[in-house]
Colleague: 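Could you have a look at this structure, given as structure tokens, before my questions?
The figures that follow rest on heavy atoms only: side chains count, while hydrogens, waters and symmetry mates do not.
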Amino acid sequence: MPSTMKRIRSTDAVELENGDHCKLAGWLQEVRNLGGIAFLKVRDRYGVFQVVVLKKELGDDFDHIVNIPRESVITVEGKKQETDQTELGYEILPISIRIDSEAHKPLPLGVVDKVDAEMGTRFDNRFLDLRKEEKRTIFELRETLLRGLRDFFAKENFIEINTPKIAAAGAEGGATLFKVDYYGRDAYLAQSPQLYKQMLMGAGFERVYEIAPAYRAEDFDTIRHTSEFVSLDFEMSFIDSSEDVMDMTGRMVEHSLGYVVEHSSNMLEKLGVEIEIPKDPIKRIPHHECLEILEDLGKTWDEEPDVDTEGEKMLGLYVKENFDTEFFFITDFPSKLKQNTFYAMRKDDEPSLTTYFDLEYKGQELVSGGQREHRYEVLTGQMKDLGLELESFEHYLKSFKYGMPTHGGIGLGLDRFVQQMLDLENIREGILFPRDTSRLEP
RNA sequence: GCCCUGGUAGUGUAGUGGCCCAUCAUGUGGCCCUGUCGAGGCCACGACUCGGGUUCAAAUCCCGGCCGGGGCGCCA
């Protein structure tokens with residue numbers, strides 16, 4: 001019978017003396033039955049340990065043990081025996097084996113099968129999919145990245161905030177919002193914390209950041225969009241220009257990626273990923289120069305020239321080849337392209353341009369940000385030009401009437417950050433339970 | 001929203017008018033095997049997304065439904 005001995009991790013058993021008794025537990029990954037001897041491969045979060053059972057010692061129990069279905073949860077108590085024939089350098093000679101949870105057969109998705117599964121099958125059985133080490137490693141690394149980001153913001157004296165995810169109106173005009181029933185009233189899931197961040201600048205918080213879900217009811221079907229994603233937003237006051245925001249953004253990326261490399265190099269090795277930490281300052285290329293570069297590269301446009309998806313990829317390769325970096329800012333977005341972003345500040349000396357920028361990472365948009373318009377009259381003017389009803393923004397606009405500092409900030413797609421950092425083919429790989437146009441469960 | 005593409009055993013696939021009561025692998029079940037680690041050997045089990053149509057004949061062609069994958073627009 002299992003004793004009251006405490007269960008230890010597979011990797012902690014490495015430290016035990018040869019012959020020590022211990023208790024380990026995990027999922028029975030596979031049984032290698034050779035007839036008179038069988039090897040059980042048991043997996044916990046940290047590794048895979050081996051249990052050796054002999055038929056001549058166990059008799060009928062042997063047949064029972066080797067027939068435990070794969071992926072059942074078992075607890076093994078026994079003696080540690082060192083060996084150079086297993087990955088962890090030891091194996092367990094069991095005294096008792098307890099089945100805590102017998103797995104049904106067949107598995108809807110093999111954990112260590114030699115055949116791949118399609119994404120649909122994998123996400124329908126995500127808990128099984130995540131039993132694979134490389135899938136779980138993605139989320140260990142995602143957590144390290146988050147820790148690195150929070151570490152940066154703490155050092156820079158930002159306050160982590162939480163703003164409402166249900167609101168009466170959308171933050172930005174034109175965006176597609178999910179409608180919900182709020183005690184009989186129409187309400188919408190937040191697609192950005194933008195307006196709240198700005199109101200907190202008016203409240204005197206000076207530096208805030210939020211890491212929270214955002215919702216977009218757009219009909220996209222791509223490898224870089226989901227309907228629910230985690231948005232990292234920061235906002236800072238008393239800036240001189242959007243240069244201050246870009247500088248902060250660059251150092252944020254530099255610090256967080258450096259943090260991942262410093263704390264999780266073993267995990268990166270498991271995935272075979274090498275991370276480039278951007279050199280500060282990150283290269284800035286004005287939007288109009290991007291278009292010139294693209295033209296030189298032979299790109300043509302059917303309509304108004306812009307940095308479209310193809311252009312982003314081309315520019316990503318261009319900076320990689322010419323400047324040996326995976327990062328660059330596209331700056332000075334034309335006002336025409338940012339028309340819906342009513343809070344974007346236009347350049348005083350060149351109103352056809354905004355202070356807005358994107359940060360591109362490996363040829364994909366990662367960050368969007370800039371200096372916000374803090375002058376009440378200018379802001380409301382831009383909103384009127386867009387045809388917005390000022391009344392529905394009453395609470396937002398009020399915060400601009402009684403002392404609003406200059407400010408700016410960014411929004412970063414955390415899932416995209418993970419995707420690009422780890423070279424994941426699809427953004428969904430870095431999301432535990434993704435939501436897209438067709439998937440609402442699990 | 002527009003465009004492309006797909007749906008065959010639990011899983012992944014081959015087959016694109018008759019050679020198919022459907023290939024291979026993996027899995028599952030059984031038997032053999034005392035050092036396996038992509039274990040090996042032998043045997044067995046298990047499938048054409050749904051509805052309609054064309055045809056002597058449909059997994060295969062056509063129409064529609066349902067469910068996926070991807071591109072663009074847009075965006076993080």
Colleague: Identify every side-chain donor-acceptor pair in residues 285-298 of chain A under 3.5 Å, counting partners at least two apart or on other chains, and give the distances.
Modeller:
from: A:H287; atom 1: NE2; to: A:D306; atom 2: OD1; distance (Å): 3.0

Colleague: Contact class for A:E30 vs. all strands (heavy atom < 4.0 Å): base, sugar-phosphate, or nothing?
Modeller: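 Sugar-phosphate, no base atom in range.
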Colleague: Tell me which of A:D415 and A:Q50 sits closer to the 5' end of RNA chain B, going by the nucleotide each one is nearest to.
Modeller: A:Q50
Colleague: For atom P, what is the distance between B:G15 and B:C72, given to the nearest Å?
Modeller: 28 Å
Colleague: Looking at every strand, decide which applies to A:L54 at a 4.0 Å heavy-atom threshold: base, sugar-phosphate, or nothing.
Modeller: base
Colleague: B:U36, B:G12, B:G10: which one has an atom nearest the side-chain heavy atoms of A:K41?
Modeller: B:U36
Colleague: Please report the distance separating the C1' of B:C75 from the corresponding atom of B:C48, rounded so that it comes out in whole Å.
Modeller: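 Those two atoms are separated by 40 Å.
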Colleague: Between the side-chain atoms of A:E312 and the base atoms of B:C75, is any donor-acceptor pair under 3.5 Å?
Modeller: yes
Colleague: Do A:F229 and the base of B:A76 stack face to face, with centres under 5.5 Å apart and an angle between planes under 30°?
Modeller: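 Stacking between A:F229 and B:A76: present.
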Colleague: Could you list, one pair per line, each protein nitrogen or oxygen that sits under 3.5 Å from a nitrogen or oxygen of nucleotides 68-70 of chain B, together with the distance?
Modeller:
from: B:G68; atom 1: OP1; to: A:S438; atom 2: O; distance (Å): 3.3
from: B:G70; atom 1: OP1; to: A:N426; atom 2: ND2; distance (Å): 2.5
from: B:G70; atom 1: N7; to: A:D221; atom 2: OD2; distance (Å): 2.8

Colleague: If you look at every heavy atom in A:R136 and A:L130, which pair is closest and at what distance?
Modeller: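 Here A:R136 and A:L130 meet closest at NE-O, 3.1 Å.
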Colleague: If you take atom types as modelled and just measure distance, does the side chain of A:K56 reach the base of B:U34 with a donor-acceptor pair under 3.5 Å?
Modeller: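 Per atom types, the contact qualifies.
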Colleague: Please state whether the phosphate of B:C72, meaning OP1 or OP2, lies under 4.0 angstrom from any side-chain nitrogen or oxygen of A:R224.
Modeller: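 Yes, because at least one side-chain N or O of A:R224 sits under 4.0 Å from OP1 or OP2 of B:C72.
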Colleague: Who are the side-chain hydrogen bond (donor to acceptor under 3.5 Å, both in side chains) partners of A:Y356, not counting sequence neighbours?
Modeller: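 Partners of A:Y356 under the side-chain hydrogen bond (donor to acceptor under 3.5 Å, both in side chains) test: A:R372.
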